[in-house]
Amino acid sequence: MSILNTHDMELVESANKLMKKLYQEGKHHVAAAVRTKSCKVYTAVNLEAYVGRAAVCAEAIVLGKAISEGDREFETIVAVLSNSEGSDSRVVSPCGMCRELVSDYGEDIQVILPGEGDVLRKTGVMELLPDKYKRI
């Protein structure tokens, strides 16, 4: 675990700004931001669906957005969850599927997580996914 730097806090703020802008009840309540190794920041929101299995997490969408723009090397990722009115967001841990997905695109990617109180922390994705499945 490590403490956040200025760039990390800017990444969190990017996700928060997007969530405030695009929050829509029943459609978009999570935003993610990723910083590439080239220092470019991408943001995206989740796609909610009435059938849960059809929903797509914001982390997956933001990685796809960056890759679609030609960026394939990632440094840090964060996701924020909005309250029911869309005005306040808080950093959340990635779900299990997102942990697997993020690690597939870089085992050295850092993930910003909630900590004690209002303190945020950062750790490597592999710390969140011990004994990752690997094809032989």
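Scope of the values below: all heavy atoms of this structure, side chains included, with no hydrogens, waters or symmetry mates. Nothing fancy with the numbering, it's 1 onward along the sequence.
Under the 4.5 Å side-chain criterion, counting only non-hydrogen atoms from C-beta, Val30 is not in contact with Ser89. Side-chain atoms of Glu107 and Lys132, non-hydrogen and from C-beta on, do get closer than 4.5 Å to each other. Side-chain contact check for Leu11 versus Val41: some heavy-atom pair is nearer than 4.5 Å. With a 4.5 Å cut-off on side-chain heavy atoms, Ser93 and Arg99 count as touching. Between Glu59 and Leu101, the closest side-chain pair of non-hydrogen atoms is not below 4.5 Å.
Atom CG in Leu129 sits 5.0 Å away from atom CD in Glu100 (nearest 0.5 Å). The distance from atom OG of Ser14 to atom CE of Met9, rounded to the nearest 0.5 Å, is 11.0 Å. With values rounded to the nearest 0.5 angstrom, Met19 atom CE is found 7.5 Å from His28 atom NE2. With values rounded to the nearest 0.5 angstrom, Asn5 atom CG is found 7.5 Å from Thr76 atom OG1. Rounding to the nearest 0.5 angstrom, the gap separating the CG atom in Asp104 from the NZ atom in Lys134 is 10.0 Å. Note that CG of Leu113 and CG of Leu128 are 5.5 Å apart. Values are rounded to the nearest 0.5 Å.
Using a distance-only test at 3.5 Å, with no hydrogens or angles considered, a donor-acceptor pair links the side chain of Arg121 to the main chain of Pro114.
A 6.0 Å sphere centred on NZ of Lys17 holds no more than 12 heavy atoms belonging to other residues, nucleotides or ligands. Within 6.0 Å of the NZ atom in Lys21, the count of heavy atoms belonging to other residues, nucleotides or ligands does not exceed 12.
Listed here is the closest heavy atom pair of Phe74 and Asp108: O-OD1, 4.5 Å. Nearest heavy atoms, Ile109 versus Ile77: CG2-CG2, 4.2 Å. Listed here is the closest heavy atom pair of Ala15 and Thr43: N-CG2, 4.5 Å. Minimum interatomic distance between Cys57 and Cys95 (heavy atoms only, all atoms of both residues): SG-SG, 3.9 Å. A pairwise comparison of heavy atoms in Ala55 and Ala49 identifies N-CB, 3.7 Å as the closest pair.
Val102 and Met126 fall within a single hydrophobic cluster, where Ile, Leu, Val, Met, Phe, Trp and Tyr are joined by side-chain heavy atoms under 4.5 Å apart, directly or via other members. Transitive grouping of hydrophobic side chains (ILVMFWY, heavy atoms separated by less than 4.5 Å) brings Val78 and Leu120 into a common cluster. Note: the hydrophobic cluster containing Leu47 does not contain Val62 (ILVMFWY, side chain heavy atoms under 4.5 Å, direct or indirect links). In terms of hydrophobic clustering, with Ile, Leu, Val, Met, Phe, Trp and Tyr side chains grouped at heavy-atom distances under 4.5 Å, Val111 and Val91 are assigned to different clusters. Placement of Val125 and Ile112 in two distinct hydrophobic clusters is found when ILVMFWY residues are connected by side-chain heavy-atom separations under 4.5 Å, directly or transitively.
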*Please step through side-chain contact (heavy atoms from CB on, under 4.5 Å) for the pair Arg35 and Asp8, ending with a clear verdict.*
CA-CA 9 Å; Arg35 184 175 52 250; Asp8 296 328; 2.8 Å; yes
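The closest side-chain donor-acceptor pair between Tyr23 and Glu25 falls under 3.5 angstrom.
In this structure, the side chain to side chain contact (heavy atoms under 4.5 Å, CB included) partners of Lys27, at least two apart in sequence or on a different chain, are Gln24, Tyr50.
Sorted by first and then second residue, the side chain to side chain donor-acceptor pair (under 3.5 Å) pairs involving residues 62-74 (not counting sequence neighbours) are Ser38-Asp71, Tyr42-Asp71.
Hydrophobic cluster of Ile3: no remaining members, since no ILVMFWY side chain lies below 4.5 Å from it.
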